[in-house]
K.L.:
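I am attaching a structure below and will ask some questions about it afterwards.
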2 protein chains.
Amino acid sequence: MINEKAYKLGSQRSAIRELFEYGKTRMAAVGKENVYDFSLGNPSIPAPEAVKEAFLDIVANDAPLAVHGYTSAQGDEATRRAIAENLEKRTGRKISPQALYITCGAAAALTSCIGALTISSDTEFIAIAPFFPEYRCFAEIGGGKLKVVPADEENFQINFEALEQSINQNTQAIIINSPNNPSGTVYTEETIKKLAELLTKKSEEYQKPIFIISDEPYRELVYNGQAVPFVMNYYKNTLVCYSYSKSLSMPGERIGYVLVNEDMDDWKMVYDAVAGAARSFGYVCAPSLVQRVIARCADVMPDLTTYKENRDLLYDTLTSWGYFCAKPDGAFYLFVRAPEGDGAAFSERAKKKDILIVGGAGFGCPAFVRLSYCVDTDMIKRALPLFKELMEETK
Amino acid sequence: MINEKAYKLGSQRSAIRELFEYGKTRMAAVGKENVYDFSLGNPSIPAPEAVKEAFLDIVANDAPLAVHGYTSAQGDEATRRAIAENLEKRTGRKISPQALYITCGAAAALTSCIGALTISSDTEFIAIAPFFPEYRCFAEIGGGKLKVVPADEENFQINFEALEQSINQNTQAIIINSPNNPSGTVYTEETIKKLAELLTKKSEEYQKPIFIISDEPYRELVYNGQAVPFVMNYYKNTLVCYSYSKSLSMPGERIGYVLVNEDMDDWKMVYDAVAGAARSFGYVCAPSLVQRVIARCADVMPDLTTYKENRDLLYDTLTSWGYFCAKPDGAFYLFVRAPEGDGAAFSERAKKKDILIVGGAGFGCPAFVRLSYCVDTDMIKRALPLFKELMEETK
């Protein structure tokens, strides 16, 4: 009677959501201050003041038919121009507004790229563990498959040997995500260079381009001033998927983009296929008022003081007690190895102390747990003694 | 290298968009006032003042983390409650917030319903001509097919004989659209009753539900005070797809919903499948600020004075000169039979006089043209003498 896969996706909440909903029930039962919710990647710092001012000024003063009217499917031209100019300044390369396709957030950007690159049911996409669990259902959107390359669990760069073995004639793209959810790792320039070399070699071997889909919602969230290598500067067959959800703290507004590398052979054809996939999913245009806000705020950067403070507090304290995790340079997650080597068991033990942390199995690393530190710093402080207990219980 | 179907969809503009873009070029060449653009269904009356006030008040006074944060995938609860209450008042039936799934407009609502109901490549959806051309690519989203039932060209109700012949074991749903784009026709209660009877009979014959997907973006745009029959009151296996694009003049904001009839057997299962399809396309949630605006403006109705004036002026004048069209009771389109019996030829002749009207072939009625009258009344007045010439040329 109905599509079974859609039913399954709609009726089974993700493990993350499940935990979050459980947290709400517990808060009602034992008090908000006694539950330590590290489950969701929801920004905890409000949108910058410039964003608020832009919203108010546009609604108050611009013509409503223009503000709330359809934009072209690829997005308002002023918005694309503002983004292109910002990216040119920061990446040192030529970027045209014509290469940008504005989307309803990074998820829509990813499904549109994947839809564009899926040729048949043999088509394969590769994710590198740890990876964002929704990649799986996105990769299957056009009937293709997701392959997962096991994690480099020491420093969460790329296990190149395993990656090379995973690539075959049907590989259309590698999906990367740096800064990474859930590990917080930023791929080094060396990693990106090695990846570009490998894919160039494999593209030649199979006589077809193998693309990189670079999912970059955390691009602006890095803490040590280090540059996040701009993947297009290293590999021509790159599509960037971006979202303003995290950088401008507006995940609900659904605004982001696909950027197609103009150095790619037939880049316009790939761009058109992205547009066509978006059209077929019912994306008419990205929300118009928010597009205008981005046109004004493309240069606004987040204030990372709180996230950095949270990261340092959590990382320094947990590792001093013997917890292992690669130091996250970006995003707002800590990916910690469970002391007992079993993330699900550790998450259950933590739950008994009303600490909500997500087991790593869904991310492709079952020995780990993810802690989102986009939370109140005070909550971290109150939770820390409990993490000490959790470690001591295993000794 | 890429998905051919997506490339085709992305590289070939719709005939409507093509004409609109041509119009912009002509306006630059001969002056805006000398081009008569009836091509697009873009509201010409601004969003109601209440919408503007809601935007300003929410952004100025609500907490930004809540305003711009993720809502649950099915939509903010207050928004769903406000919509449910409005619908209950108007339809006289019980409608729960739990049966509403907030979407990025009607297009997303349609693709989510179709995705939920597509079982295999044999799955068939039926559209009734004249129909919105995008139905075709939406119907194919999960690999299914679109069948088109020829129009009842006298009054644009339903040709039931042709519809009955189109239904078979693989028919999952009939997509209806009343008030209709492009004909402006409102299906009568008699039509809806006959449709319900036919589908009940056929569902029994094939031992499976055949659904109605009722696409209702023009529900609030009716001109003679007549009620638009609420399809759920006549047929239980109904899914409503709605958009605030036309009623609140904000097509760019992408906000609408799916409403699943709770009287349906296993309605929750169908609802979950809609949610799952939306999730797989990358719809995380509908834009959050606009959801809050709808929570406050669910009862706001459009002021139809201008559209009605335009309709009466165009309809009365054109028919007085011998043009044939069924009198449109709703939406903002006039669907006129080309005097030469060939919509494409008529559209071409009109174009030579800088009148832009869309040929009916894409809507499934090649003998007709569509005129969108969501335009300046003055432009209609200036164009009318040219329509007279166009008629006289054929005599």
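Note that this is a predicted model, so its numbers are computed, not measured. Quick note on labels: first sequence line is chain A, next is B, and so on, each numbered from 1.
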K.L.:
So, the side chain of A/S288 versus the backbone of A/V67: is there a donor-acceptor pair under 3.5 Å, distance only?
P.N.:
yes

K.L.:
Which one wins on heavy-atom pair count under 4.5 Å against chain B: A/P251, A/P209, A/A107?
P.N.:
A/P251

K.L.:
So which of B/L56, B/V274, B/L117, B/V270 has the largest heavy-atom pair count under 4.5 angstrom toward chain A?
P.N.:
B/L56

K.L.:
Given that the side chain runs from C-beta out, which part of A/D57 has a heavy atom under 4.5 Å from chain B: side chain, backbone, both or neither?
P.N.:
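When you check distances to chain B, no heavy atom of A/D57 falls under 4.5 Å.
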
K.L.:
For B/R296, is there an ion pair with B/D62 - N to carboxylate O distance below 4.0 angstrom?
P.N.:
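Counted as a salt bridge, because a side-chain N and a carboxylate O are separated by less than 4.0 Å.
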
K.L.:
The test is salt bridge (Lys or Arg N to Asp or Glu O under 4.0 Å); show your working for A/D76 and A/R292 and say whether it passes.
P.N.:
CA-CA 8 Å; A/D76 181 61; A/R292 288 191 169 228; 5.1 Å; no

K.L.:
Is A/K8 salt-bridged to B/D272, cutoff N-O under 4.0 Å?
P.N.:
no

K.L.:
Under 4.5 Å heavy-atom distance to chain B, tell me which part of A/Q74 shows up: side chain, backbone, both or neither.
P.N.:
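No part of A/Q74 comes within 4.5 Å of chain B.
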
K.L.:
Does the salt bridge (Lys or Arg N to Asp or Glu O under 4.0 Å) test come out yes or no for B/D265 and B/K236, once each step is laid out?
P.N.:
CA-CA 9 Å; B/D265 300 335; B/K236 72 174 182 174; 3.3 Å; yes

K.L.:
Side chain, backbone, both or neither: which part of A/R279 has a heavy atom under 4.5 Å from chain B?
P.N.:
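Both backbone and side chain.
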
K.L.:
Measure from the side-chain N and O atoms of A/T171 to the backbone N and O of A/A173, and report whether any donor-acceptor pair falls under 3.5 Å.
P.N.:
no

K.L.:
Heavy atoms only, distances under 4.5 angstrom: which of B/C104, B/G69, B/P64 has the most pairs with chain A? Name it, please.
P.N.:
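Most heavy-atom pairs within the cutoff with chain A belong to B/G69.
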
K.L.:
Where does A/I141 contact chain B at under 4.5 Å (heavy atoms): side chain, backbone, both or neither?
P.N.:
side chain

K.L.:
For B/E140, is it the side chain, the backbone, both, or neither that has a heavy atom closer than 4.5 Å to a heavy atom of chain A?
P.N.:
neither

K.L.:
Heavy-atom distances under 4.5 Å only: say whether B/I45 touches chain A with side chain, backbone, both or neither.
P.N.:
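Answer is backbone: N, CA, C or O of B/I45 sit under 4.5 Å from chain A.
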
K.L.:
Verify side-chain contact (heavy atoms from CB on, under 4.5 Å) between A/L248 and A/I294, making sure each step is shown before the conclusion.
P.N.:
CA-CA 10 Å; A/L248 296 184; A/I294 297 298; 3.9 Å; yes

K.L.:
Set out, in order, the CA-CA distance, both residues' side-chain angles and the distance that settles ring pair (Phe, Tyr, Trp, His ring centres under 6.0 Å) for B/Y283 and A/Y283, then state yes or no.
P.N.:
CA-CA 9 Å; B/Y283 288 107; A/Y283 289 107; 4.2 Å; yes

K.L.:
Side chain, backbone, both or neither: which part of A/A63 has a heavy atom under 4.5 Å from chain B?
P.N.:
neither

K.L.:
Tell me which of these, A/T118, A/T71, A/I255, has more heavy-atom pairs under 4.5 Å with chain B than the rest.
P.N.:
A/T118

K.L.:
If you measure only the distance, is there a donor-acceptor pair under 3.5 Å linking the side chains of B/T123 and B/Q172?
P.N.:
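No pair is found: no donor N or O on one side chain lies under 3.5 Å from an acceptor on the other.
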
K.L.:
Shortest non-hydrogen contact from B/A50 to B/V300?
P.N.:
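Nearest pair, atom of B/A50 first, then B/V300: CB-CG2, 4.0 Å.
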
K.L.:
Check whether A/P46 gets within reach of chain B through its side chain, its backbone, both or neither, counting any heavy atom under 4.5 Å.
P.N.:
both

K.L.:
Of all of B/M1, B/M250, B/K52, which one pairs up most often with chain A through heavy atoms under 4.5 Å apart?
P.N.:
B/M1

K.L.:
Pick whichever of B/E4, B/Q291, B/E134 has the most heavy-atom pairs under 4.5 Å with chain A.
P.N.:
B/E134

K.L.:
Look at A/G115, A/A108, A/A275, A/A116 and state which one has the largest set of heavy-atom pairs under 4.5 Å with chain B.
P.N.:
A/A116

K.L.:
Which atoms of B/K208 come close to chain A, meaning under 4.5 Å heavy atom to heavy atom: side chain ones, backbone ones, both, or neither?
P.N.:
neither

K.L.:
Kindly indicate, with the supporting measurements, whether the criterion ring pair (Phe, Tyr, Trp, His ring centres under 6.0 Å) is fulfilled by B/H68 and A/F55.
P.N.:
CA-CA 11 Å; B/H68 304 302; A/F55 268 115; 4.9 Å; yes

K.L.:
Under a 4.5 Å heavy-atom cut-off, does chain A meet the side chain of B/A106, its backbone, both or neither?
P.N.:
neither

K.L.:
May I ask you to name which of A/G105, A/S249, A/A66, A/A60 has the most heavy-atom pairs under 4.5 Å with chain B?
P.N.:
A/A60

K.L.:
Consider only side-chain N and O atoms of B/Y242 and B/S247, and report whether a donor and an acceptor are under 3.5 Å apart.
P.N.:
yes

K.L.:
Looking at A/V290, A/V59, A/L40, which one has more heavy-atom pairs under 4.5 Å with chain B than the rest?
P.N.:
A/V59

K.L.:
Any idea which of A/A73, A/C137, A/S245, A/S44 has the most non-hydrogen atom pairs under 4.5 angstrom with chain B?
P.N.:
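Of the options given, most contacts go to A/S44.
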
